[in-house]
Amino acid sequence: MKILVINSGSSSIKYQLFDMAASGRVLCSGLVERIHEPMGAIKHKKFPDSPEEAVFADELPIPDHKIGMQLVVDRITNGQTAVVASPDEITGVGHRIVHGGEFFSAPVIVDDSVVEKLTSIIPLAPLHNPGHLAGIATARELLPAAPQVTVFDTAFHQTLAPEAYLYPLPYEFYEELRVRRYGFHGTSHGYVFGKTAEFLGRAPEETSAITIHLGNGCSMDAVKRGKCIDTSMGLTPLAGLMMGTRCGDVDPAVYPFLAERKGLTVKDIDAICNKQSGLKGVCGVNDMRDVHARRAAGDEKAQLAFTMFCRRVTHYVGAYMALLGECHALSFTAGIGENDVDVRQQVCQTLGYLGAKIDAEKNKTLKRGQPGDISTDDSPIRILVMPTNEELAIAQQTLALLQTI
Ligand code: ADP
């Protein structure tokens with residue numbers, strides 16, 4: 001009942017080993033980084049039974065994912081860093097996959113046809129899927145006894161109706177290239193939605209909620225009676241809310257305008273929209289804590305970035321309430337959603353007349369990292385803070401699938 005969760009990126013591998021027999025206790029976690037560079041690194045955190053954390057950090061060249069995965073397996077199973085006696089103790093491996101295209105609406109056990117499908121949709125996620133595929137290939141080779149499961153960031157949104165996922169572009173772009181809204185952070189939204197229903201004491205199929213994931217990347221889902229009906233990200237994770245360095249929704253005519261006026265290429269504009277925009281673009285810093293520090297020092301652009309960020313979340317709450325037709329809760333999650341009192345207050349301050357009334361005192365005093373209700377006692381819609389845990393969700397979904405075979 002030990003599940004290894006792998007998030008294999010283009011140059012890094014993040015991992016966590018869960019003991020599912022002990023309520024999902026984390027046995028160890030770690031990060032392999034700077035794969036393919038002259039000098040790489042692995043940081044392995046062992047969580048022994050004692051409350052003290054042991055961290056083992058090493059620098060060494062990591063020329064490819066195979067060497068990276070070998071290091072992961074070695075740290076987990078060998079010497080003083082070990083948390084299991086042999087690789088055979090690993091029951092299964094859950095892989096986080098950013099893009100499953102239209103192929104996958106639930107986790108699946110990896111076989112050659114899954115690899116083939118993931119390869120075929122590389123054009124939809126050129127930065128992510130190749131790294132995922134490298135991680136899958138090496139995990140299959142190094143842990144042949146452990147079934148491999150893929151869990152998709154896009155799967156939770158496969159319930160969207162065509163009118164929600166299609167763009168009003170010539171229809172053949174969808175037919176030929178599958179250009180449509182996919183949405184991301186689905187594992188987080190699904191997990192937070194499940195926790196929201198549990199918190200409210202309602203069956204998921206009788207719960208409607210708006211999940212608000214505000215981290216470095218930000219997205220929102222409208223979930224009606226357990227099924228996602230809309231999501232703010234699109235073909236890529238660039239759409240929707242304003243984010244740390246991503247612009248979110250912008251008039252698409254801005255791009256040809258910039259190309260013409262500034263002599264920028266499509267690639268330049270893509271990089272600007274993904275890496276130089278959002279909070280960073282407006283006020284120079286992408287971390288919300290730094291935005292607050294600058295606001296406190298009287299920086300007007302930081303104040304503007306903060307109000308722009310919150311305004312767009314409010315905008316989507318209104319749109320999603322209208323689409324849902326009923327709403328039991330708004331659930332804030334991820335780094336900003338779970339911790340940022342000011343953002344939650346600003347987002348919700350005008351929502352009272354729609355039935356979501358925030359309680360400023362509860363918002364301020366809610367213990368960090370804890371789930372809780374920050375709405376007034378008479379608020380018809382509950383405003384909740386629900387910590388997300390994507391890795392645990394992947395481990396749970398992996399185990400659930402393995403238990404069916
Ligand atoms: P990622 O999308 O990389 O998983 P996180 O969910 O960790 O990101 O969120 C990162 C964001 O959360 C950053 O903007 C950071 O400023 C913000 N954040 C983290 N802790 C706090 C805090 N205590 N107060 C306000 N914002 C916070």
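Everything numeric here is computed off the predicted structure, so don't read it as measured data. Ligands are counted one by one from 1 in listed order, and the atoms in each one are counted from 1 as well. Sequential numbering from 1 along the given sequence is applied to the chain's residues.
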Subject >> Heavy-atom nearest neighbour in the protein, as seen from atom 14 (O) of ligand 1, with distance rounded to 0.1 Å >> reply: M288 N, 3.2 Å

Subject >> Atom pair CG/CG of N286 and L279 - distance to nearest 0.5 Å >> reply: 7.5 Å

Original post:
Which bit of H292 is near ligand 1, meaning a heavy atom under 4.0 Å away: side chain, backbone, both or neither?
Top reply: neither

Subject >> R311 to F309 six-membered ring, cation-pi geometry met (6.0 Å, 45°) >> reply: no

Original post:
When you measure from atom 16 (O) of ligand 1 to every protein heavy atom, which one gives the shortest distance, and what is it?
Top reply: D287 OD1, 2.3 Å

**OP:** Could you check H292 against F306 for ring pair (Phe, Tyr, Trp, His ring centres under 6.0 Å), going step by step and ending with a plain yes or no?
**Re:** CA-CA 8 Å; H292 290 314; F306 166 77; 5.6 Å; yes

**OP:** Determine yes or no for a side-chain-to-main-chain donor-acceptor pair under 3.5 angstrom, with D74 supplying the side chain and Q70 the backbone.
**Re:** no

**OP:** Provide the number and element of each atom of ligand 1 under 4.0 Å from a heavy atom of I336.
**Re:** 11 (C), 12 (O), 14 (O), 17 (C)

Original post:
In the protein, what heavy atom is nearest to atom 25 (C) of ligand 1, and what distance, to one decimal place, separates them?
Top reply: D340 OD2, 3.6 Å

**OP:** For atom 2 (O) of ligand 1, grab the closest protein heavy atom and report residue, atom and distance to one decimal in Å.
**Re:** N216 N, 3.0 Å

**OP:** Decide whether a cation-pi geometry holds between R181 and Y165; the criteria are a distance under 6.0 Å from NZ or CZ to the six-membered ring centre and an angle within 45° of the ring axis.
**Re:** no

Subject >> Winner among P237, G335, G244, G337 once heavy atoms are compared against atom 5 (P) of ligand 1 >> reply: G335

Original post:
Any donor and acceptor pair, going by atom type alone, linking the side chain of R246 with main-chain N or O of P237 inside 3.5 Å?
Top reply: yes

Original post:
Which residue owns the protein heavy atom closest to atom 26 (N) of ligand 1, what's the atom, and how far is it?
Top reply: R289 CG, 3.8 Å

Original post:
Hey, is ligand 1 close enough to L214 that some N/O pair sits below 3.5 Å?
Top reply: no

Subject >> Contact check: A334 vs ligand 1, nitrogen or oxygen atoms, below 3.5 angstrom >> reply: no

Subject >> Enumerated ligand 1 atoms positioned under 4.0 Å from heavy atoms of R368 >> reply: 23 (N)

**OP:** Specify the protein heavy atom at minimum distance from atom 21 (C) of ligand 1: its residue, its atom name, and the distance to 0.1 Å.
**Re:** N339 CB, 3.6 Å

Original post:
Is ligand 1 less than 4.0 angstrom away from at least one heavy atom of G217?
Top reply: yes

**OP:** Look at the aromatic rings of H99 and Y182 and report parallel, tilted or perpendicular, splitting at 30° and 60°.
**Re:** perpendicular

**OP:** Mind telling me whether Y320 and Y316 have parallel, tilted or perpendicular rings, with 30° and 60° as the class edges?
**Re:** perpendicular

**OP:** Find the distance between CG (D19) and OG1 (T91) and round it off to the nearest 0.5 Å.
**Re:** 8.5 Å

